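Have a look at the structure below before the remarks.
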Amino acid sequence: QTSRLVPYDPVAMRTLLMEMISENEIDLLLNATVSDVIMEGQSVTGIVARSISTEMLVRATVVVDCSGDGDVAALAGADYSVGRDSDGVTQPLGHSIIVGNVDVEALRSFLKRHPHHVRLGSFEDGQISIAGFSEIIKQVGDYPGRDEIDLFSLPMPGTVLLNTTRIRDLNPLSVRDLSRAELVGAQQISGVHKFIKENIPGFEHSFITFASTRAGIRESRHIQGLYCLTAEDCVSGRRFDDSIAKGAYPIDIHDPDSGTVTLVHIEGDGCYDIPYRCLVPQGVENLLVAGRPISATHEAHGSVRVMATCMATGQAAGAAAAKAAQQGITPSLVDPNELRQFLLDQNCIV
């Protein structure tokens with residue numbers, strides 16, 4: 001299996017996104033939270049957004065829920081599950097860390113001499129993108145993160161992204177647990193960097209330049225759509241007539257109990273289809289869901305939850321919403337073939 005990632009500068013990305021918003025004259029409402037939905041029968045006709053100073057009513061022909069947790073869909077009464085089927089427990093939370101002043105070539109040289117430290121990924125040339133170092137973690141002990149370190153060199157010289165913290169046994173839908181996650185995460189961030197600085201060559205003179213401002217949520221609500229994507233769909237590389245995006249990331253489960261990571265790779269040509277029906281909630285009209293909470297089982301969600309796939313379903317949901325509004329129909333009646341062609345014309349991979 002070959003891994004491919006796209007490293008990017010988060011500051012440059014933010015600047016680019018803001019430029020795109022300005023160029024397309026989007027009415028942006030940041031620092032506001034959806035507190036309620038406006039319903040007419042089974043149809044969502046708008047949302048109520050609360051900010052620091054006021055409450056706003058936003059009417060809409062079609063609403064796309066990209067909240068990450070399916071907040072709008074839940075408020076609209078859509079059915080959903082949380083976490084794994086057996087007990088509702090979700091994958092752990094975590095923080096990403098960007099470290100500067102890393103001697104990347106010293107790190108690469110160490111990995112070439114000791115490749116057994118790498119469980120997965122590449123480091124010979126170009127970007128270093130690996131998961132490993134579990135042996136060092138076991139030998140040294142007293143490591144505050146999970147059982148291995150995911151490490152990616154970034155476009156900026158001497159800069160590396162670390163994904164290795166582990167915050168378990170907290171509910172991502174509880175404000176108290178999310179607050180607790182920040183306290184636990186802050187302790188893990190400093191401890192993880194101290195460990196890596198002392199035990200992994202290339203990091204001796206490094207320092208933390210950025211840590212994610214909030215704990216990253218891997219899993220919360222799974223909205224019940226017209227179709228629920230399964231692990232078998234993903235692993236077998238299943239094709240669907242109403243495909244609007246493809247997934248290619250392995251089923252990546254961070255076990256809530258042990259903290260270990262299990263990867264199941266996609267068979268065949270390495271990708272599977274995501275049907276449009278996974279974006280359409282059951283029993284609620286004029287609403288689409290994109291990103292992490294689309295209709296998928298706990299296991300399938302371990303693949304669809306990653307950034308690139310969320311971006312693809314977001315693009316499809318936006319296109320479907322536009323078509324529904326233009327044609328005066330609900331999203332559930334959008335012709336998948338027309339939508340697929342529209343996405344292909346935008347150079348999307350469907």
Side-chain angles (χ1 to χ4, degrees), residues 14 17-18 20-22 24-83 88 90 93 170-179 181-182 212-226 278-296 301 304-305 307 309-325 330-332 334:
R14 181 181 186 277
L17 292 175
M18 290 301 176
M20 294 171 66
I21 288 170
S22 297
N24 289 277
E25 300 181 348
I26 294 172
D27 186 9
L28 192 63
L29 291 175
L30 296 178
N31 302 301
T33 302
V34 175
S35 58
D36 204 354
V37 295
I38 307 302
M39 302 289 295
E40 292 182 8
Q42 295 292 100
S43 298
V44 179
T45 60
I47 58 100
V48 177
R50 180 181 296 277
S51 72
I52 193 171
S53 60
T54 189
E55 198 170 60
M56 298 164 285
L57 171 63
V58 182
R59 290 287 186 179
T61 305
V62 180
V63 174
V64 180
D65 183 347
C66 293
S67 63
D69 297 306
D71 293 339
V72 177
L75 287 169
D79 289 334
Y80 63 87
S81 60
V82 177
T90 62
L93 294 82
L170 294 179
N171 180 0
L173 298 175
S174 162
V175 68
R176 289 191 178 277
D177 278 10
L178 289 175
S179 299
E182 303 309 326
S212 51
T213 53
R214 297 193 304 175
I217 298 174
R218 288 188 172 89
E219 179 183 27
S220 58
R221 295 187 184 98
H222 305 289
I223 302 302
Q224 185 62 51
L226 298 182
C278 290
L279 280 58
V280 184
Q282 287 186 17
V284 181
E285 296 292 349
N286 294 345
L287 177 66
L288 289 162
V289 177
R292 181 154 49 81
I294 68 169
S295 184
H301 168 272
V304 302
R305 66 179 174 80
M307 291 172 62
T309 313
C310 288
M311 291 168 66
T313 59
Q315 177 98 4
K323 280 200 163 292
T330 63
S332 61
V334 169

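Hydrogens, waters and symmetry mates play no part in the numbers below; they use all other heavy atoms, side chains included. Quantities reported herein were computed from a predicted structural model and do not represent experimental measurements.
- Listed by chain and number, the residues in a side-chain hydrogen bond (donor to acceptor under 3.5 Å, both in side chains) with H301 amount to none (sequence neighbours excluded).
- Residues satisfying the side-chain hydrogen bond (donor to acceptor under 3.5 Å, both in side chains) criterion with T45, sequence neighbours excluded, are R59.
- Here the closest heavy-atom approach between residue V72 and residue S67 is recorded as N-OG, 4.5 Å.
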Can you give me every donor-acceptor pair (side chain of residues 48-56, partner residue at least two apart or in another chain, under 3.5 Å) with its distance?
residue, atom, partner, partner atom, Å
R50, NH2, E55, OE2, 2.5
S51, OG, S53, N, 3.3
S51, OG, T54, N, 3.2
S51, OG, T54, O, 3.2

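- In this structure, the side chain of Q282 engages the main chain of G225 through a donor-acceptor pair within 3.5 Å.
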Throw together a table of side-chain donor-acceptor distances under 3.5 angstrom for residues 284-294, partners on residues two or more places apart or in other chains.
residue, atom, partner, partner atom, Å
E285, OE1, T330, OG1, 3.3
E285, OE1, S332, OG, 3.1
R292, NE, I217, O, 3.3
R292, NH1, G68, O, 2.9
R292, NH1, D69, OD1, 3.3
R292, NH1, S220, OG, 3.2
R292, NH2, G68, O, 3.2
R292, NH2, D69, OD1, 3.4

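- M39 has its side chain within reach of V44: a pair of non-hydrogen atoms, C-beta onward, lies under 4.5 Å apart.
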side-chain contact (heavy atoms from CB on, under 4.5 Å) between R305 and R218, worked out:
CA-CA 7 Å; R305 66 179 174 80; R218 288 188 172 89; 3.9 Å; yes

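- Of the possible donor and acceptor atoms, none in the side chain of N24 sits under 3.5 Å from a partner among the backbone N and O of I26.
- Smallest separation of non-hydrogen atoms from C310 and V304: SG-O, 3.9 Å.
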Could you go step by step and tell me if T90 and L173 meet the side-chain contact (heavy atoms from CB on, under 4.5 Å) rule?
CA-CA 10 Å; T90 62; L173 298 175; over 6 Å; no

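- In this view, D177 and L170, N171, S174 satisfy the side chain to side chain contact (heavy atoms under 4.5 Å, CB included) rule, not counting sequence neighbours.
- With hydrogens and angles ignored, the 3.5 Å screen pairs a side-chain donor or acceptor of S22 with a backbone N or O of M18.
- A 6.0 Å sphere centred on CG of N31 holds no more than 12 heavy atoms belonging to other residues, nucleotides or ligands.
- Partners of T313 according to the side-chain hydrogen bond (donor to acceptor under 3.5 Å, both in side chains) rule, which considers only residues two or more places apart in sequence or in another chain, do not exist here.
- Side-chain contact check for V58 versus V63: every heavy-atom pair is 4.5 Å or farther apart.
- The two atoms that bring P281 and I223 nearest to each other are CB-CG2, 4.1 Å, heavy atoms only.
- With respect to R221, the salt bridge (Lys or Arg N to Asp or Glu O under 4.0 Å) criterion is satisfied by exactly one of D79, D71, D65: D71.
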